[in-house]
Amino acid sequence: MNTALNLAIWLPLAGAVLIALLPSAERLARWIALVASGLVLGLAVGLALSFDRQAPAAQPQFITHLDWIRQLGASYFVGLDGLSLPLFVLNALLVFLAVLVSWKTQQRTRAYFALLLVVETAVAGVFSSWDLFLFFLFWELELAPMYLLIGIWGGERREYAAMKFILYTVGGSAFMLVGILLLYFNSPVKTFDMVAMGSQPYVGSLAGLIWLLVFVGFAVKVPIFPLHTWLPDAHTEAPTAISVLLAGILLKMGGYALLRVNFGLLPGATRQFATLLAVLAVVNIVYGALVAMRQSDLKRLIANSSISHMGYVILGASAAVAGGAAGAMAMQGAIFQMFSHGIITGLLFVMVGLVYDRAHTRQISALGGLAARMPFVAVGFVMAALASLGLPGMAGFAAEFLVFAGTFPVYGVATILAIGTIVLTAGYMLWLVERVFFGPQRPEWARLPDASRLEALTVAAFLIVIIGVGVYPRILGDILAPTAATLAARLAS
Amino acid sequence: MPIYPIALQHGLILGAALFSLGLAGALIKRNAIAILMAIELMLNGVNVTFVSFAQHMPGAPGQPPELTGQVFAIFVITVAAAEAAVGLAIVLASYRLRHTVQIDASSSLRG
Amino acid sequence: MAAQAWIIAALPLLAFLIIAAGARRSPLLSAWLTILAIGAAALVSLIVFGQVTGGTRVEQSYTWLPLGTGQPFLVGFQVDSLTATMLVVVSSVSLLVQIYSLGYMAGDPGFARYFAFMALFTFSMLGLVLANNLLALYIFWELVGLCSYLLIGHWHERPSAAAAAKKAFIVTRFGDFGFLAGILFLYWHANTLQISELAQKVAAGQIPESALTVGMLLIFCGAAGKSAQFPLHAWLPDAMEGPTPVSALIHAATMVAAGVYLMARTFPLLEHAPVAMGVVASIGGFTAIFAATMGLVSTDIKRVLAYSTMSQLGYMMMAIGLGAMAAGMFHLVNHAFFKAMLFLCAGSVIHLVDTNEMPEMGGLGKERPLTFLAMTVGALSLAGIVPLSGFWSKDEILGAAVGSPILFGAALLTVFLTAAYMFRVIYLTFAGPHRGQVHDHGEPTSMALPLVVLLVPTVASGLIGIPALGSPIAAFLEPGGAPAAFNPVVAAISLLVALAGIGTATVLYSGGKMDRSHALQTSLAPIHTLLVNRYYVDHVYNWIAGGVVLGIAWMADNFDKYVIDGMVNGVGELAVGTGGWLRRAQTGQVQAYAWTLLIGVVALAALALLPLGLR
Amino acid sequence: MLPEPAPLVATLLGATPPMNAELLTALGFYALAGLALAGALGLIIASDVFHDALFLVLTLGSVAGIFVILGADFLAVVQVLIYVGAIMILILFGIMLTPQLGNLPNTGGPGQIAAGVIAAVAVLGTILAVITTATWPRASAAPIDLPAGTTSLLGTSLFNSFALPFEVASVLLLIAMIGALVIAREP
Amino acid sequence: MDLRLLGPEVALAVAASVIILADAFIPGGLSRRAMLSVAALGIAISAWAAISLGGSSASGFNGTIRADAFSLFFELLLLAGTLLVLLAAATLLEASPRYRAESVGLVLLATAALMLLASATELITIYLALETSSLSTAFLSAWNKKDLRSNEAGLKYFVLSAIASAVLLYGIALLYGLTGQTHLEGIRQLLEVPSKAPVLLAAAMLLAGFGFKISAVPFQMWTPDVYEGAPTPITAYLSVASKAAGFAVLVRVLQTTLPDTQIDWPLLVAIVAALTMTVGNLVAMAQSNIKRMLAYSSIAQAGYVLIGVAASRQGTGPVLFYLLGYTATNLGAFIAVIEIARRIGSEQMADFAGLYRRAPGLAFALAISLLSLAGLPPLVGFFGKLFLFWAAIQANLGWLVLIGVLNSAASLFYYAQVIHTMYLLPGEGEVSPEAPNLSTGSLVVAVGGIFALGIFSAPLLGLAITAAESLP
């Protein structure tokens, strides 16, 4: 029983209930949300600091294991390992920052912050569950609040986007559920306990089918081509803070689940499908970049870049089956990329939000020359764009380097294509920056204010993390490396 | 199958025929009361079936036959009576509202 | 001190951080912070250089990223002769350029930002030369690229500047794509990224030559991008959109030379890959002459210098490809000083007339005698006139090329062209009458001083190459390597060719007149057009980027919109449509309902009975 | 499915065996069955609801007769009493209480008729296919011997084995009564 | 003697009689409050009587009923559902003073019949109980005599239920012919099957008869029309109590009489389940009236439950749990709709726009109910479906589960649209807030149940499995 972890999972929900119970606390709501998410962030960082980096990686730490639905062999089993801890922290961090980003939300404040906190609990639960059933529960728990967050506070086409988001995801989890149940009944250990399932993985004849079924569920979330078209709509229409969360952590749920369930529990099938994964990953990377290049909507461009960047996660993961040094490296890269993409794309969406809040348009062609009036926003945006295109010294580079390095000896051609896409990324990112911020100042944007103090603080927080991790990746590397190596070794054996 | 002595199948076939004719009536007639009568016909078909079976069900060794089929038929007749009452009541109410007992007048709920 | 050599890089970084953190509100403070930090760095560099000449060698590594299996990725720094030389060059040129910028950038709204980025650049460049392994080198490699991007785009409100910045970044990134692949390639063959370990393994023959060749060629892609070698050269002329001191520091003296430095740094690997060496030499030689021809026709003074830089970088590359690493580095050092000076001179001129176009200049020697002097000396040095620095290093390169007739010929031709276009610049700028407006605000001391200081190495730094001294450079940079042989015949020939070039320029442009050259242009119109359009390479690139890539992107985008999303929406519409169709079956007729019920029973029964075969 | 012709012809010609009770019973059964089916058919075809009712009475009466033949004498009485005596009266009242304006069709259109016939034929076919081929393991080949009156047997069954359904039936009738009162009453 | 086994039903019948008689003989009629009190008391006594039997598995009345845990489970479920429906209808009862005693009485009698249906183990009893409940609900559907739609609903329900029960009856006759028995256990013992055809035909006919009750496709055609036309509390009653009892008898008959080793009825049920889910969900997408949408939704829900039925023994516990959760959920939805419709005077979903502002509590309740129907955690609908799928996978019905989960995903489309209308669209006009009353009280109970049953799904599933295992 680890109090801190349980507290970190459930505290946001308690905050949400508190907000719901205080009927006329419109202004108080955001403070409650801030305090709750702040506490969770503190707890998460504390957990990260007290994480035993020397312990064997196969076992989660900070575990709580209680009986739950005995008829199903389901239990309340939470804990963190090197794979989940960074994402757990990322969740806490991004939600906290999301609260700051949405500080000025006027419309239905209480509901907004309450739902935000529910999402935090759900995602924290996904990342810390070691019981497959509990995992699925948390996974589904995130849907309805997210649907409402997009649907109520979103942009013009929010209804379409929200509906598309939820139908896609629910459709995906439909397959996932069947897969999970099949796995449960076919695996030699009749339990949902993922530690036990992982230590004695199922290798029977249904493994391939189960793998594919769960994969569909996760692939929607990642998203993996061709199940990705919900993403540009959802990310584009969602309000800024929600775009941050969507790109920052919700996509990571897909990648995380892929590693945890497909890779962790079905290593044999994973080996079979590794090449398919690699191909899909490259398609994601290249295709996402190409589509991003043509976008005329600022947010949509960033959204499509997420598709491309999540491809690196999948690429790294696919190469992990090779085992050995390369496999471990690729796996570490995949996990690292999830963290860094989360924080970088989060910042990008924040920056887009800042632009949109001021200019009230996201059409790239309508913008231009903003750097003169908004130097801070411009610098922040450029930094985010640079981080996104994998500039060394920022978080993205460390991750991509690991992915490339690990994948190179396994899938040479795929790696070359992926590295080549960096050029495309630089192309569309810098082109975007050029069109939005550079060039002569336009009269219609002559009065835009620069970032406020609070906004600047938020952006700075993002940048500190991005650069901190980029310059000193050991912060994460120490935690990731043993887990990644264990996972990869298990895959290869 | 010899045509006599009448065997189990004879009754069963008659029952089935009556059942099906009643069914056809229920599907074809327009007048609600006629439909009601057709349903009675269906129930009679079943009753013939029950009674035919009962005639061929010996009791346990040394025991008189239980005649469950006939008992069932009695209950069916009772139910038929109740159904007739219920049906007529509703049809009467319908008639008050619509001034017709044509069943296709009651088709405003659809889709 | 050498053991703490990282301080050299850290000082400018500190300056950058302080400026970013708040000092930026006071532009002058920012500038002086930068100058002080770089000055201190230059001082430390000199000390370190001294220690290194005394034989000190340092190498230290730190874990950058631990791995689950195997050795972690390291970063670290080393101090050896090559590093020490580069440290001195980079920090001193940077210092002078910063001082110059005080005057040149005065009154610019982005003054503080400019110095901040300059400090960041100096940090990155110093880090690059300090790096002891390929990963660290790559990291700083990208950072200098970033600074280049930021500084080219300093006047971001000018669309041409913004576009040039982007172009510079993307084109060099194209080369870096190869660099990164090369790093990975070598890593998986040698299992290390430490340059010293790589060198050992190569020397021990543990890496097959074919692998080494591929790896080095890939790495050369990066070098070619950075050093603007054909075909990745297109960005450099455009990069002249940046402020002139930036061009002087980044696009003449230091960053563009990083490619050469990289090849020198990995020379212990390269020399075991003869094919790669051949490629490097050929590309270098070709670029040298290719760029020089374009320099002949450009009317933008900075662009001429940029072509000249490309050409000289090609020269250096050729030297390294020919195995004369020390000669190449020697030329790099000399070139850094005089080319920086030339650019600063150009800046001084531009300051005076507010244009880059030489046809609008003319006769400026009267207003700027010092500049005139410095530029002439620089041009002579570049042309390779004895005893200026350029003569000595260029001669060593030519000497190394003797064995290869084609390259030797190309090099000689380049010497001719170099002399010609440089004196074309001198004549068009300083000789004759004013052709355009002159706005003389006076030349501040801060701008004059660096010119004076840079004159010293321009004149003197080559003297170390005097044959009488033996070959200390080769001994210093490449201990155990073959000493550079001074070939008096070659020297004489090259001197003659250079003088011929100067003579040609004099014939065409003396007195700042342009009519004779116009006549020549008209008679050679097709060639002129080709050169003015830079061999249409940019056109090809634009076609690839705007036509091919964006075209494919257009197809992908529409595939996304219409095919994939079309299918998704189609499924939804199918479901709703089917629902609507089934809905119509609900006619409201109770007998229809009963019919369905009965048919349902029959169907179910049939379904159950049919497998029995209805006996 | 078709009766074998030879014995029928033979019997009718009185050749072998002599006309006996079994044959008479059979003939009665066929006659009554024919009447019942004719009544049913008439109900379907008749265009007047009043004629429908009369055809139904014919069928119900014939079925009562068949009950007698099938050894259910008490049931036959019940059939006559409840059906003919109660239900038919109720229905006739219903018909009289709902006079129709004009001459509305008593059956649906051709489409509906076709559909109805198809459904009925399908149901009949399925049932016949099953019952004529099935073996009934519990059923005796010959009709069982029944005492002269089945009343006491039925009574025992009804109040002993099936006491609960009997009670439920009374509740059913109660509900029908209450409901009919409420629904059918003038509002 | 055996009468104790009938205690729960008798208690209700007595309460019904008291209400009807008292209303008839007391001048001015029985007050609404008194009526509901008597009904509640009757329900309480009935529940007490049921509990005191304690699922003893005692048989009575010559084996016609059985007081096992299975019947106890359903009796309590039906009683709770009935009580909630009555409370929810309290406000409506106030508005229509005529015949209200009879309506309450009929509801109680119908419930008694349904309880009997759930505990009967003999086909004659089952048939009579079925008819009793059907005829009562036919009346109740037609109760608004001046309302054309209500009358049409009653008429349709009556005609179709009569035909369906005739078909059922024929099936029973076949079973009787095969075994000479009407007791379920007797039938199973005697069902030697030299030719399977009659058994299969009987199974199909039984499926039709009971399928009519539970709105399984293709026997569901009445459902939308009757749900839309009937007074909303009766719709709620039909969708919850009637359906639950239908499942009870279906499960009991199938499991007790037909050995699935010899007769492949699970396949038949599985096919019906697949059809039911799919048709229900698809047509629900095209609706504009909330009651009609809920009707199709309840068809789809029946399809999910049938997945559990098809899973045979393993599925029975989950089926019971699902019905429990479904009762709370669907009641929540219908009670919310009753209240909303009463206040805004419309059952059209389009008129629900902006309801979150005009009636936040009701909007929330409806939203939660719909989300539970869609199967989102942590609501009970999620767990219910999960347990069903869990059982079906075990029974090697993976394909059916896949259809189920996809349907479940697709269903979100129309459930979410209601939520979307209520929460995302701006709405005109105001709704005057009302003080909490019995209806809102029952709504709170139902919505609370949706959460509570979800959170405590583990022990409740245990209970459901215990109840399921009490089937012979």
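All chains are named by letter (A, B, ...) in the order of the sequence lines, taking the proteins before the strands, and each is independently numbered beginning at 1. Small disclaimer: the values here were computed from a predicted structure and weren't measured. As a basis for the values below, the full set of heavy atoms in this structure was taken, side chains included, without hydrogen atoms, waters or symmetry mates.
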Bottom line for D/Val63: the part with an atom under 4.5 Å from chain B's heavy atoms is side chain
Is there a side-chain contact between D/Tyr30 and B/His10, using heavy atoms and a 4.5 Å cut-off?
-> yes
Derivation and outcome, side-chain contact (heavy atoms from CB on, under 4.5 Å), residues B/Leu14 and D/Phe29 | CA-CA 10 Å; B/Leu14 176 63; D/Phe29 178 84; 4.1 Å; yes
Proximity breakdown for B/Glu40 and chain D, heavy-atom pairs closer than 4.5 Å | both
Rounded distance [0.5 Å steps], CH2 in D/Trp136 versus CE in B/Met57 = 8.5 Å
With a 4.5 angstrom heavy-atom cut-off, could you sort out which part of D/Ile82 is near chain B: side chain, backbone, both or neither?
-> side chain
Name the region of D/Phe93, side chain, backbone, both or neither, that has any atom closer than 4.5 Å to a heavy atom of chain B.
-> neither
Distance col, row D/Gln112:CD vs B/Leu27:CG, nearest 0.5 angstrom, shows 8.0 Å
Quick one: of D/Thr25, D/Leu37, D/Ile118, D/Val78, who has the most non-hydrogen atom pairs under 4.5 Å with chain B?
-> D/Leu37
Starting from the C-alpha separation in whole Å, work towards a yes-or-no answer on side-chain contact (heavy atoms from CB on, under 4.5 Å) for D/Tyr83 and B/Leu43.
-> CA-CA 11 Å; D/Tyr83 259 121; B/Leu43 294 178; 4.2 Å; yes
Distance col, row D/Leu158:CG vs B/Gln70:CD, nearest 0.5 angstrom, shows 11.5 Å
Judged by atom type as modelled, is there a donor-acceptor pair below 3.5 Å linking the side chain of B/Tyr95 to the main-chain atoms of D/Gly94?
-> no
Name the region of B/Leu88, side chain, backbone, both or neither, that has any atom closer than 4.5 Å to a heavy atom of chain D.
-> side chain
Heavy-atom closest pair, residues D/Leu153 and B/Pro65 | CD2-O, 3.7 Å
Measure the spacing between CD1 of D/Ile44 and CE of B/Met37 and express it to the nearest 0.5 Å.
-> 12.0 Å
Side chain, backbone, both or neither: which part of B/Leu8 has a non-hydrogen atom closer than 4.5 Å to chain D?
-> side chain
Atom CZ of D/Phe166: over 12 foreign heavy atoms under 6.0 Å | no
Could you walk me through whether D/Val49 and B/Lys29 pass the side-chain contact (heavy atoms from CB on, under 4.5 Å) check?
-> CA-CA 10 Å; D/Val49 68; B/Lys29 301 301 274 188; over 6 Å; no
Select one option (side chain, backbone, both, neither) describing which atoms of B/Ala80 are under 4.5 Å from chain D's heavy atoms.
-> both
Under 4.5 Å between any side-chain heavy atoms of D/Val168 and B/Phe75, yes or no?
-> no
Taken to the nearest 0.5 Å, the spacing of B/Leu21 CG from D/Leu43 CG works out to 9.5 Å
Just give me the residue among D/Ile131, D/Val121, D/Ile127 that pairs up with chain B most often, heavy atom to heavy atom, under 4.5 Å.
-> D/Ile131
Which one, D/Ile66, D/Ile183, D/Ile45, D/Leu60, leads in non-hydrogen pairs under 4.5 Å with chain B?
-> D/Ile183
Among B/Gly22, B/Pro58, B/Ala34, the residue with the most heavy-atom pairs under 4.5 Å to chain D is B/Pro58
Could you state the interatomic distance from CG (B/Asn31) to OG1 (D/Thr98), rounded to the nearest 0.5 Å?
-> 6.5 Å
Sort D/Ala53 into side chain, backbone, both or neither according to what part of it lies under 4.5 angstrom from a heavy atom of chain B.
-> both
D/Ile175, part contacting chain B, at a heavy-atom distance under 4.5 Å | neither
Would B/Asn47 and D/Gln79 count as having a side-chain donor-acceptor pair, cut-off 3.5 Å?
-> no
Contacting region of D/Ala40 [heavy-atom separation from chain B under 4.5 Å] = both
With only heavy atoms counted, which part of D/Thr59 is less than 4.5 Å from chain B, the side chain, the backbone, both or neither?
-> side chain
Counting heavy-atom pairs under 4.5 Å to chain B, which of D/Ala120, D/Ser140, D/Gly109 comes out on top?
-> D/Ser140
Over all heavy atoms of both residues, which pair between B/Val51 and D/Ala72 is shortest? Give the atoms and the distance, please.
-> CG1-CB, 3.8 Å
Contact class of D/Ile87 relative to chain B, heavy atoms under 4.5 angstrom | side chain
Closest-packed option against chain B by number of heavy-atom pairs under 4.5 Å, given D/Leu41, D/Val123, D/Leu75, D/Leu181 = D/Leu75
Which of B/Val91, B/Leu92, B/Ile33 passes side chain to side chain contact (heavy atoms under 4.5 Å, CB included) with D/Leu97? It is B/Leu92
Pairs of heavy atoms under 4.5 Å with chain B: top-ranked of D/Ala176, D/Gly108, D/Ser157 | D/Gly108
Show the numbers, then the answer: is there a side-chain contact (heavy atoms from CB on, under 4.5 Å) between D/Thr107 and B/Arg30?
-> CA-CA 5 Å; D/Thr107 53; B/Arg30 276 277 168 87; 5.6 Å; no
Tell me, for D/Ala122 versus chain B, whether the close heavy atoms (under 4.5 Å) come from the side chain, the backbone, both or neither.
-> neither
